[in-house]
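The chain is numbered in sequence order, starting from 1.
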Amino acid sequence: MSWDRAGSLALMGLQGFERRLERMVEGVFARAFKSGIRPVELGRRLVRVMDDQRSIGVSGRSVVPNAFTVLLSKEDHEQFAEVSDSLVRELCDAAREHARDERYSFMGPVSVELVVDDKLRTGSFGIEGRLREGPGGSAAGSLLLPTGERVVLGEYVVTIGRMPDSTIVLADPNVSRNHAEIRPQGDGYVVTDLGSTNGTRVNGVKITEHELHDGDEVVFGNTRMEFTAS
């Protein structure tokens, strides 16, 4: 892919999450803007921190911060309190999208924390980014469920099925009792079908075992999920 093409795609991704954050001003965030801080400003600063602090990992890929601290004045922090979960979720997604567009790698799951900095005045903010490994030094990876919930993967086997003791329990009648599993392998994750009746598909292709890559769509029965390498 040429630099122009890659640059255009990155710009489109950046504009995409900016539009999402802008729309939030008209919705759930409308009450939180007495301070003048807008979510899109936080998003832009966050991805700039990623760009500024990128380094080259052992695999030759650019590694960027995955743990972010958003510093706010006491007044701004209080105003964002009611919508902090939504804001954190959007900022994490913005980081993932930017990493995907720029082909960045993370050392662990993406996290964002909003904290008070008594030295800041109302309307001012700062963002600090750092590299942080997952529990036990695990690779970065998560599954986005149809409900919007995100299951963070780690150094353990995740089982999927209708059995109550499955890690991810699915009510889908097309999912077998013990349908599939996802386990860490090398610096990533592998999904394995456990002989299910209706099969497991990755990006529309039926698989027995498959190494997962960022953005893969995984279907168990009729239930779709997305794997993200963060």
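Evaluated for a side chain to side chain donor-acceptor pair (under 3.5 Å) with Asp193, the options Thr208, Thr200, Asn198 yield exactly one hit, Thr200.
Taking all atoms of both residues into account, the shortest heavy-atom contact from Val112 to Cys92 is CG2-SG, 3.7 Å. Closest approach of Asp172 and Asn174 over heavy atoms only: OD1-N, 2.8 Å. Taking both residues in full, the closest heavy atoms of Ser62 and Ile56 are given as OG-CD1, 3.8 Å, listed atom of the first, atom of the second, then distance. Closest approach of Ile160 to Ser166, counting heavy atoms only: C-OG, 4.2 Å. The two residues Val63 and Leu131 come nearest to each other via the heavy atoms CG1-CD2, 3.8 Å. Taking each heavy atom of Met225 and Leu143 in turn, the nearest pair found is SD-CD1, 4.1 Å.
Taking a 6.0 Å sphere around CZ of Arg130, one finds it holds more than 12 heavy atoms contributed by other residues, nucleotides or ligands. More than 12 heavy-atom neighbours from other residues, nucleotides or ligands sit within 6.0 angstrom of CZ on Arg183.
Considering only heavy atoms from C-beta on, Thr159 stays 4.5 Å or farther from Ile168 through its side chain. Proximity of Val190 to Ile182: side-chain heavy atoms (C-beta onward) are nowhere separated by under 4.5 Å. In this structure the side chain of Leu120 reaches within 4.5 angstrom of the side chain of Asp117, judged on heavy atoms.
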Please step through side chain to side chain donor-acceptor pair (under 3.5 Å) for the pair Thr69 and Glu113, ending with a clear verdict. CA-CA 5 Å; Thr69 302; Glu113 183 182 14; 4.5 Å; no

Tell me, with the steps shown, if Leu71 and Ile127 meet side chain to side chain contact (heavy atoms under 4.5 Å, CB included). CA-CA 6 Å; Leu71 306 171; Ile127 297 183; over 6 Å; no

So Leu170 and Phe220, side chain to side chain contact (heavy atoms under 4.5 Å, CB included) or not? Walk me through it. CA-CA 9 Å; Leu170 300 177; Phe220 307 101; 4.2 Å; yes

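In this structure, Arg45 is positioned above the aromatic face of Phe125, its NZ or CZ under 6.0 Å from the six-membered ring centre and within 45° of the axis.
By the 4.0 Å N-to-carboxylate-O rule, Arg96 lies too far from Glu226 to be salt-bridged with it. By the 4.0 Å N-to-carboxylate-O rule, Arg150 lies close enough to Asp93 to be salt-bridged with it.
The hydrophobic clustering, which links ILVMFWY residues whose side-chain heavy atoms are closer than 4.5 Å, places Leu194 and Val158 apart.
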